[in-house]
**Student:** 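Dropping the structure in here first, questions after.
This is a predicted model, so every value here is computed, not measured.
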Amino acid sequence: MEVTILPTKELRGQVRVPGDKSISHRAVMLGALAYGETEIDHFLFGADCLSTIEIIRALGVQVFTEKNRVVVRSGGMDALLEPENMLDAGNSGTTMRLMAGVLSGCPFFSVLTGDNSLRQRPMGRVIKPLTAMGARITARKGNSLAPLAIQGGKLQAMEYCSPVASAQVKSAVMLAGLFTAGVTTVIEPARSRDHTERMLKYFGARVEVDGQRVSIWGRPNLTGKKITIPGDISSAMFFIAAGITVPGAKLDILNVGINPTRTGALAILKDMGADITLHNRREVNGEPVADLKVRGSQLKGTVIGGEIIPKLIDEIPVLAVVAALAEGETVVRDAAELRHKESDRITAVVRLLGALGADVSESPDGFVVRGGRQLKGAPCDSFGDHRMAMAAAVAGLSAHGSTTINGAECVDVSFPDFFDTLNGIIVK
Ligand code: S3P
């Protein structure tokens, strides 16, 4: 699918973004591990979370879907059954890595695979700790790439010092830890998103957090719950970025998750001069939520690096677009993890901004954008990566001429109605 974006001077209206992708995955997975019925409202029906649902169904758990709502009915963590076929995680790293943790604890054989992009992404980071806990896992390229063949079974609790600040690695080990008789601890080099910890507590597990150290007690009695998923701040960020970079923009973005492990981009944008205010703060199922008001702003460059990176890792493509439209230089560093996302997002960002006429250069762990040049509309590639396609659309709103995004259908991964939502706020 090819989508053309034209420049605009005004954006107006209210935006509601779909449910949080990370939380939607976890709600279905924990629903499958809990005894009884879990009802999930405002679930993200994006391709990634649908992959999780299909895998959970293939393990013998009942999952019913209605408009915006999912019901999971399970006999608990010991009721999962050996799947008859390979389990396809599609484009979803969260599905593959978290399910590798769950399947390691299940006394049967399973194979996890994914699409071309996912089969190139590093899996050694979960295979290593899960193997150390007692799972037998074999994979391509010296046990580093999917497909993963998993013989799960009796696991031992362990203390794992993770070399990467990754919520997927932390969560895989914690989920495997549920199947052990002891206490499993993960220590991270920097704090990553903590949705697994919050939701496990909500389902009744004992979880203790001490700085970058998280412990989970095995064999808890998890029981089905009602969950309402907050709007995804990573999806909201495209509208926040559009709202601050289009001069005459006035947007209200409603029901956005503002978990502090996810709000790094808000802090950076405020530091760049963005007019963003938070209203009506509340808490839903242990997750903080707010409504946001965003106005066209005068922006200046900044430095993005260090401990804040895991708190904004998914927002870097759109932050790069904001940087190109800001005055002065923005440096992104310590972000080599971007090379292991749905695309190599360092190279992809540099190519996208380069195609639009921005002044940008690549480094091994980030890039430098010298902002303030007028962007020129051009044909752009999505790199098969949902967040790159949406970042290109935000850039197109401020570029001279028309911007065409090839392969734009990949937005389905996290935000199926993205282009309709965008059309709804453009003042023509
Ligand atoms: C996610 C964790 C992050 C993030 C991804 C979703 C999760 O990945 O980039 O989009 O749901 O746990 P890493 O764990 O690889 O940092």
**Student:** Distance check, rounded to the nearest 0.5 Å: T95 atom OG1 versus L50 atom CG?
**Tutor:**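 Reported to 0.5 Å precision, the distance equals 9.5 Å.
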**Student:** Is atom NZ of K250 surrounded by more than 12 heavy atoms (other residues, nucleotides or ligands) closer than 6.0 Å?
**Tutor:**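 No, NZ of K250 has 12 or fewer neighbouring heavy atoms, counting only those of other groups under 6.0 Å.
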**Student:** For atom NZ of K428, is the number of surrounding heavy atoms from other residues, nucleotides or ligands below 6.0 Å larger than 12?
**Tutor:**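 Enclosed: over 12 neighbouring heavy atoms sit under 6.0 Å from NZ of K428.
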**Student:** Between D314 and R262, is the closest basic N to carboxylate O distance under 4.0 Å?
**Tutor:**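 Answer for the salt bridge query: no.
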**Student:** Rounded at 0.5 Å granularity, tell me how far CG in L103 sits from CG in L59.
**Tutor:**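 If we round to the nearest 0.5 Å, L103:CG and L59:CG are 6.0 Å apart.
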**Student:** Determine the minimum heavy-atom distance between I233 and G257, stating which atoms define it.
**Tutor:**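 Taking every non-hydrogen atom into account, CB-O, 3.3 Å.
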**Student:** So, does R119 use its side chain to make a donor-acceptor pair with the main chain of G114 at under 3.5 Å?
**Tutor:**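 Flag set: sc R119 to bb G114 pair under 3.5 Å.
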**Student:** If only side-chain N and O atoms count, and only distance matters, is there a donor-acceptor pair under 3.5 Å linking D381 with N406?
**Tutor:**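 No pair is found: no donor N or O on one side chain lies under 3.5 Å from an acceptor on the other.
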**Student:** Salt bridge or not between D291 and R282? Use side-chain N to carboxylate O under 4.0 Å.
**Tutor:**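 Salt bridge flag = yes for R282 with D291.
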**Student:** What's the verdict on side-chain hydrogen bond (donor to acceptor under 3.5 Å, both in side chains) for T261 and R191, showing C-alpha distance, side-chain angles and the deciding distance?
**Tutor:** CA-CA 7 Å; T261 60; R191 194 85 191 277; over 6 Å; no
**Student:** Side chains of T113 and D88: is there a donor and an acceptor less than 3.5 Å apart?
**Tutor:**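 Their side chains do not contain a donor-acceptor pair, so the 3.5 Å distance test is not met.
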**Student:** Nearest 0.5 angstrom please: R97 CZ to L148 CG, how far?
**Tutor:**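 One gets 10.0 Å once the value is rounded to the nearest 0.5 Å.
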**Student:** Between D252 and K293, is there a salt bridge with N-O shorter than 4.0 Å?
**Tutor:**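 Yes.
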**Student:** Apply the test side chain to side chain contact (heavy atoms under 4.5 Å, CB included) to residues I309 and I304: give CA-CA distance (whole Å), side-chain angles for both, the deciding distance (0.1 Å), then the verdict.
**Tutor:** CA-CA 7 Å; I309 292 290; I304 309 175; 4.0 Å; yes
**Student:** Is there side-chain contact between I308 and I268, with heavy atoms separated by less than 4.5 Å?
**Tutor:**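 Yes, their side chains come closer than 4.5 Å.
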**Student:** Could you work out, with side chain to side chain donor-acceptor pair (under 3.5 Å) as the rule, every residue matching Q14, not counting sequence neighbours?
**Tutor:**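 Per chain and number, Q14 pairs via side chain to side chain donor-acceptor pair (under 3.5 Å) with no residue.
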**Student:** Minimum heavy-atom separation for P310 to S192, with atom names?
**Tutor:**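 Answer, listing the atom of P310 first, then S192: CB-CA, 4.3 Å.
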**Student:** How about NZ on K9, more than 12 heavy atoms from neighbouring residues, nucleotides or ligands closer than 6.0 Å, or not?
**Tutor:**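 No - once you tally the heavy atoms of other residues, nucleotides and ligands closer than 6.0 Å, there are 12 at most.
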**Student:** Side chain to side chain contact (heavy atoms under 4.5 Å, CB included), that's the test. Do R198 and N259 meet it? Break it down for me.
**Tutor:** CA-CA 10 Å; R198 286 172 189 255; N259 180 315; 3.2 Å; yes
**Student:** Report the distance from atom CZ of R12 to atom CD1 of I426, rounding to the nearest 0.5 Å.
**Tutor:**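 Output value for this atom pair is 13.5 Å.
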**Student:** For residues 38-69, which residue pairs qualify under ring pair (Phe, Tyr, Trp, His ring centres under 6.0 Å), counting only residues two or more places apart or in two chains?
**Tutor:**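 Sorted pair list: F43-F45.
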**Student:** Checking Q212 side chain against P189 main chain: does a donor-acceptor pair fall under 3.5 Å?
**Tutor:**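 Yes; judged by distance alone, with no hydrogens or angles, the pair exists.
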**Student:** Would you find a donor on one side and an acceptor on the other, under 3.5 Å apart, between the side chain of S398 and the backbone of A395?
**Tutor:**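 Checked: no pair found.
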**Student:** Please determine if E337 and R125 form a salt bridge, counting it only when a charged side-chain N lies under 4.0 Å from a carboxylate O.
**Tutor:**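 A salt bridge is present here (some side-chain N lies under 4.0 Å from a carboxylate O).
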**Student:** Taking the side chain from R295 and the backbone from G243, do they hold a donor-acceptor pair closer than 3.5 Å?
**Tutor:**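 It does not hold such a pair.
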**Student:** Can a salt bridge be assigned to the pair R387 and E315 using a cut-off of 4.0 Å between side-chain N and carboxylate O?
**Tutor:**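 Salt bridge flag = no for E315 with R387.
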**Student:** For A172, does its backbone N or O pair with a side-chain atom of Q168 as donor and acceptor, under 3.5 Å?
**Tutor:**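 Not at all, since once roles are kept as given, no pair shorter than 3.5 Å links the two residues.
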**Student:** For side chain to side chain contact (heavy atoms under 4.5 Å, CB included), just list the numbers for I150 and F109, CA-CA rounded to whole Å, side-chain angles, deciding distance to a tenth of an Å, and then say yes or no.
**Tutor:** CA-CA 6 Å; I150 304 175; F109 175 76; over 6 Å; no
**Student:** N285 side chain to T228 main-chain N or O, any donor-acceptor pair under 3.5 Å?
**Tutor:**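 Yes: the side chain of N285 pairs with the backbone of T228.
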**Student:** Can you sort out the partners of T421 under side chain to side chain donor-acceptor pair (under 3.5 Å), two or more places apart, ordered by chain and number?
**Tutor:**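 With sequence neighbours excluded, T421 shows a side chain to side chain donor-acceptor pair (under 3.5 Å) to no residue whatsoever.
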**Student:** Check whether any side-chain N or O of K225 sits under 3.5 Å from a backbone N or O of A34 as a donor-acceptor pair, and report yes or no.
**Tutor:**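 A pair under 3.5 Å: no.
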**Student:** Tell me, yes or no, whether the heavy-atom count around M1 atom CE, taken from other residues, nucleotides or ligands under 6.0 Å, exceeds 12.
**Tutor:**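 More than 12 heavy atoms, drawn from other residues, nucleotides or ligands, come within 6.0 Å of this atom.
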**Student:** Which atoms form the tightest heavy-atom contact between A290 and I258, and what is the distance?
**Tutor:**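 Closest pair (atom of A290, atom of I258, distance): CB-CD1, 3.8 Å.
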**Student:** Looking at every non-hydrogen atom in both residues, tell me the closest pair between A335 and I316 and how far apart they are.
**Tutor:**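 For A335 and I316, the tightest heavy-atom pair comes out as CB-CD1, 4.1 Å.
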**Student:** M86 vs L112, test: side chain to side chain contact (heavy atoms under 4.5 Å, CB included). Steps then yes/no.
**Tutor:** CA-CA 6 Å; M86 294 219 282; L112 273 168; over 6 Å; no
**Student:** State whether a side-chain donor-acceptor pair under 3.5 Å links S414 with K21.
**Tutor:**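 Not at all, the side chains of S414 and K21 share no donor-acceptor pair under 3.5 Å.
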**Student:** Would one find more than 12 heavy atoms of other residues, nucleotides or ligands at under 6.0 Å from atom CD of E82?
**Tutor:**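 Atom CD in E82 is crowded, with more than 12 foreign heavy atoms closer than 6.0 Å.
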**Student:** Hey, which of N423, L422, T404 is the one that makes side chain to side chain contact (heavy atoms under 4.5 Å, CB included) with I5?
**Tutor:**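 Of the listed residues N423, L422, T404, the side chain to side chain contact (heavy atoms under 4.5 Å, CB included) partner of I5 is L422.
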**Student:** Please determine whether side-chain hydrogen bond (donor to acceptor under 3.5 Å, both in side chains) holds for the pair H25 and T52, giving the CA-CA distance in whole Å, both sets of side-chain angles, and the decisive distance to 0.1 Å.
**Tutor:** CA-CA 6 Å; H25 284 298; T52 293; 2.7 Å; yes
**Student:** What's the shortest heavy-atom distance between K226 and Y202, and which atoms?
**Tutor:**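 Closest approach of K226 to Y202: O-OH, 2.6 Å.
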**Student:** Could I get the full list of side-chain contact (heavy atoms from CB on, under 4.5 Å) partners for A27, not counting sequence neighbours?
**Tutor:**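 Scan of A27 (side-chain contact (heavy atoms from CB on, under 4.5 Å), adjacent residues dropped) gives I40, M199, I227, I229.
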**Student:** Is there a side-chain contact between I253 and V294, using heavy atoms and a 4.5 Å cut-off?
**Tutor:**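 Yes, close enough: below the 4.5 Å cut-off.
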**Student:** How many angstroms lie between atom CG of D194 and atom NZ of K201, to the nearest 0.5 angstrom?
**Tutor:**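 Reported value, rounded in 0.5 Å steps: 8.0 Å.
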**Student:** Only counting residues at least two apart or in another chain, list the ones meeting side chain to side chain donor-acceptor pair (under 3.5 Å) with S171.
**Tutor:**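 For S171 the side chain to side chain donor-acceptor pair (under 3.5 Å) partners, ignoring immediate neighbours, are R26, T196.
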**Student:** One thing to verify: whether K300 and E327 come together as a salt bridge, which I'm taking to mean a side-chain N less than 4.0 angstrom from a carboxylate O.
**Tutor:**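 A salt bridge is absent here (no side-chain N lies under 4.0 Å from a carboxylate O).
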**Student:** Measure from the side-chain N and O atoms of S235 to the backbone N and O of G231, and report whether any donor-acceptor pair falls under 3.5 Å.
**Tutor:**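 Judged by distance alone, no pair lies under 3.5 Å.
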**Student:** Evaluate the side-chain proximity of L200 to L178: yes if any heavy-atom separation is below 4.5 Å, no if none is.
**Tutor:**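 A side-chain contact under 4.5 Å exists here.
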**Student:** Kindly give the heavy-atom pair with the smallest separation between V246 and L397, and that separation in Å.
**Tutor:**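 It is CG2-CB, 4.0 Å.
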**Student:** Sorted by first residue and then second, give each side-chain hydrogen bond (donor to acceptor under 3.5 Å, both in side chains) pair with at least one member in residues 338-359; sequence neighbours left out.
**Tutor:**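 Applying side-chain hydrogen bond (donor to acceptor under 3.5 Å, both in side chains) to every pair that reaches into residues 338-359, excluding sequence neighbours, yields R339-D344, R339-T347, R339-E362, E342-R345, E342-H386, S343-D385, D344-T347, R345-D385, T347-E362, D359-R370.
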**Student:** Is D334 reaching over with its side chain to a backbone N or O of G306, donor-acceptor style, under 3.5 angstrom?
**Tutor:**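 Here the side-chain-to-backbone pair exists.
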**Student:** Could you tell me how the ring of F238 sits relative to the ring of F418: parallel (under 30°), tilted (30 to 60°) or perpendicular (over 60°)?
**Tutor:**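 Rings of F238 and F418: perpendicular, as their planes differ by over 60°.
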**Student:** Could you grab the distance from atom CD1 of I53 to atom CG of D48, nearest 0.5 Å is fine?
**Tutor:**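 Going from the CD1 atom of I53 to the CG atom of D48 covers 12.0 Å.
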**Student:** Does atom CD of E283 have more than 12 heavy-atom neighbours from other groups under 6.0 Å away?
**Tutor:**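 Yes.
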**Student:** For E10, does its backbone N or O pair with a side-chain atom of T8 as donor and acceptor, under 3.5 Å?
**Tutor:**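 Flag set: sc T8 to bb E10 pair under 3.5 Å.
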